[in-house]
Amino acid sequence: MLKKLKSAERLFLLIKKQFPLNVSSESKGKIFNEMQRLVNDDPESWLSAISIWKNLLELDAKKDKHSRRDANPLKRKVGENDITNPKKLKTEQMQELQESRECQLEKQMEAETVEHGGFLTSGEKPPEAFQNDVVKAAGTPDRKDLTFRVSCRCSGTLAKTFTAQEVGRVIGIALMKQYGWKADLRNPNLEIFIHLNDIYSVVGIPVFRVPLASRAYIKTAGLRSTIAWAMASLAEIKAGAFVLDPMCGLGTILLEAAKEWPDVYYVGADVSDSQLLGACDNLKAAGLQDRIELLKVSVIELPLPSESVDIIISDIPFGKKFKLGKDIKNILQEMERVLHVGGTIVLLLSKDHHKRLQDCEQSGIPLNSKGSHTDEPGIEKCLNPGEKTDLSDTVSSSSEAISQGGLDKMPPFGSLVPMECYQVSLGRTDAFIYKYRKSHSLGL
Amino acid sequence: MKLLTHNLLSSHVRGVGPRGFPLRLQATEVRINPVEFNPDFVARMIPKVEWAALLEAADTLHLVEVPKGPIEGYEHDEKFLRQMHHVLLEVDVLEGTLQCPESGRLFPISRGIPNMLLSDEETET
C-alpha cells in the first residue's frame, strides 16, 4: 500500500537523523570515529528499523503475488557519489527524511500528499499490524545472516575531506563488526543509505528496491511519473470531467491521472505517430485503453469546439528538437480557446518557456484584486507549497485565492489567470509547473 | 475512436468555423468492445452529448437501440444508461474517415486514431 504514494520518489526507513558531523577542525581519524558512532551508538534504533523493514517485506510479499521488486533493482555500488535517484523534486525546505518514517507509523491520511517535492512524504496508510510491532521489535535480536550494502552520499564541506567510498567503507566495516552481517555488493538483502552534508546526517533503509517513481502500470515512461501525478493532482480533476493532454507523448500524465481519477473522460493528442504508438502500447499494458482516447492532432490547431474542455494538463516539450518551443504563445492561445470558463490548465514548462511567458504581453486584462503584480524584490523562486500539507484541501479552497509572492513573475495570459507555480527539478534541469484558470469567456 | 469522441470533434479547416461540426463518419472497420459499465460516468456525459451528431453517426454505423434523446430521470434509468454506454463507449471505429461537412476535407481514421493534422495552407488563421 505504500506504493500508493504517488508523488514520492523514494521512501526510507529512518534510522538516525542528527546534526551534521563536524568537519572543520578535527582530524580525519576523529571524524571516522564519529561515523562509526553512527553505527554503534543506539543499536535499538537500528534493530527496530530493521525489524520494521523485515515486516514490511513480509507483508509486501504476501500481498504482492506478482512481485514487482525483481524488476531490475538499480545497481548501486558502495560509495557512489550520486545516489541513483537522480530526479529529486527540489523544494526550498529539505523535507526529505524528516517525518517520513520515524519508526512510528502514524495514521495520517495525507497519503498522497507531498510537499510537492515530496521526496519523502509524511503520510502513509500503514496497516494496523504495525502499531504493536514497533514496541516488540527493539527486543528481538536479529542476527540472521543478512547481507548488506552501504550506499553513501556526501556533499558540502564533508565531501571536501572525504570521498563517499571512504565513508561507505568505514560504515560498512562498523556494521560488520556490530551486527555480523556480510557485505554483498551485488544483491544484498539490506541496503543502508547514508546521506551526510552540512545540514544533517541521516541514515536510513530504503523501503523498496525500486524507486516508487517506477510504476508497475507504465510500460515506457515519458515524463517522470511522480511529476505527472503531481500535475494531475493540481488540476482539480472531478468525476465526469473532460481532460485533454494535447501533447501527450507516451501518455504518462493521462495514465497517472486515469489510475487515480477513473470516472473521467480522457483524451490525448500528439502529432507524432511513433509517440502515439507508444502511448497506445502503454494504454494497453496498463489496461486503460478503454478510458483514454487518442487523437492525431496538433496542439495549435485543436479540432474541438471552443469551450468544450474542462481540464488541460500537459508537459510542453522543450529542447532543440521540438520546433514548437517558440510557439508557446500559440499553444497557450489554442488551449485557452477550447477550455471552459473556470477550467484549469496545468503545464510543465522549461525555463525558456517560462521566460517567454514572462515577457509575454498578452494581458490587456488586469488581474483581479487579489493577484496584483507586486514587484517584490528578492523573491526568486516561485511559491513553494511548503505550507500546504494536504493537497486534497488545497485544491478546493484555492479557487479564488492566488498565492502571494512567487506569482509576481507570472503574468496572466489573456483570460488565463495564473494560480500557482512550482519549481521542480527534473534531475539535470529545472522546470516549472504552472497552473492557470480561465476566468472569463473570450467572446469569440 | 469512440462515438463519444466523434461527438466532440469538429473540423478546423480555414474559414469553416462552427459549420465544421459534426464530422461525417464513414467506417470500414468497427469493433464492439465490452467496457465496464459505470452508470455515474455515463450519466455525467449525457448533458454534454450533441444528440443530432450522435444519432447521425449511430445511423451510419447501423446501430440499433439508440435513444433519441435524454429522457426524464435518465440518471436513474439503468436501461437508458446502458444503451448510452454501449453507443458512446463500446463502439470503436478502427478504420474509416471523417469528413468536414463544409469543405469536404477527409480525415482518415487509422488503428482507431483519427488523424486531423492539417497542412499549413488549410489551417485557420
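Labels below follow one simple rule: chain letters A, B, ... track the order of the sequence lines, proteins then strands, and each chain is numbered from 1. Quick caveat, the model's predicted, so the values are computed rather than measured.
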Trainee: In residues 36-73 of chain B, which residues are in contact with chain A at a heavy-atom separation under 4.5 Å?
Mentor: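 The stretch touches chain A at N38(B), F41(B), R44(B), M45(B), K48(B).
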Trainee: Identify which part of V309(A) has an atom lying under 4.5 Å from any heavy atom of chain B, answering side chain, backbone, both or neither.
Mentor: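 For V309(A), no heavy atom lies under 4.5 Å from chain B.
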Trainee: If only atom types and distance count, is the side chain of K438(A) paired as donor or acceptor with the main-chain N or O of E336(A) below 3.5 Å?
Mentor: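 Answer holds: yes.
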Trainee: Given heavy-atom pairs under 4.5 angstrom as the criterion, report whether the side chain, backbone, both or neither of A241(A) touches chain B.
Mentor: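 Answer is backbone: N, CA, C or O of A241(A) sit under 4.5 Å from chain B.
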Trainee: Within the distance-only criterion (no hydrogens, no angle test), does the side chain of K2(B) pair as donor or acceptor with the backbone N or O of D92(B) below 3.5 angstrom?
Mentor: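 Checking the backbone N and O of D92(B) against the side chain of K2(B), no donor-acceptor pair under 3.5 Å is found.
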Trainee: Do any N or O atoms from the side chain of N115(B) and from the backbone of P108(B) form a donor-acceptor pair under 3.5 angstrom?
Mentor: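 Flag not set: sc N115(B) to bb P108(B) has no pair under 3.5 Å.
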Trainee: In terms of heavy-atom pairs under 4.5 Å with chain B, which of L277(A), V267(A), L276(A), V264(A) leads?
Mentor: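 Most pairs with chain B among the choices: V264(A).
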Trainee: Is D310(A) in contact with chain B via its backbone, its side chain, both, or neither, using a 4.5 Å heavy-atom distance?
Mentor: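 Just the side chain, heavy atoms under 4.5 Å.
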Trainee: Does K329(A) reach the side chain of F413(A), with side-chain heavy atoms less than 4.5 Å apart?
Mentor: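 Yes. Closest side-chain heavy atoms under 4.5 Å.
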Trainee: Any side-chain heavy-atom pair from R105(B) and L118(B) closer than 4.5 angstrom?
Mentor: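 SC-SC contact between R105(B) and L118(B) confirmed.
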Trainee: Under a 4.5 Å cut-off applied to non-hydrogen side-chain atoms, are V243(A) and I313(A) in contact?
Mentor: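 A side-chain contact under 4.5 Å exists here.
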Trainee: For chain A, which residues from residues 23-35 of chain B have at least one heavy atom closer than 4.5 Å to it?
Mentor: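 Counting heavy atoms that sit under 4.5 Å from chain A, the residues of residues 23-35 of chain B involved are N33(B), P34(B), V35(B).
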Trainee: When heavy-atom pairs shorter than 4.5 Å are enumerated against chain A, which of L4(B), I109(B), L9(B) gives the highest number?
Mentor: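 Of the candidates given, the most pairs with chain A belong to L4(B).
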Trainee: For chain B, which of S308(A), A269(A), G240(A), P262(A) has the most heavy-atom pairs under 4.5 Å?
Mentor: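 Greatest number of close heavy-atom pairs with chain B: G240(A).
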Trainee: When heavy-atom pairs shorter than 4.5 Å are enumerated against chain B, which of L302(A), D273(A), L295(A) gives the highest number?
Mentor: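 Of the candidates given, the most pairs with chain B belong to L295(A).
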Trainee: Decide side-chain hydrogen bond (donor to acceptor under 3.5 Å, both in side chains) for R337(A) and S306(A); before the verdict, give the C-alpha distance in whole Å, the side-chain angles of both, and the deciding distance to 0.1 Å.
Mentor: CA-CA 5 Å; R337(A) 180 185 70 82; S306(A) 301; 3.1 Å; yes
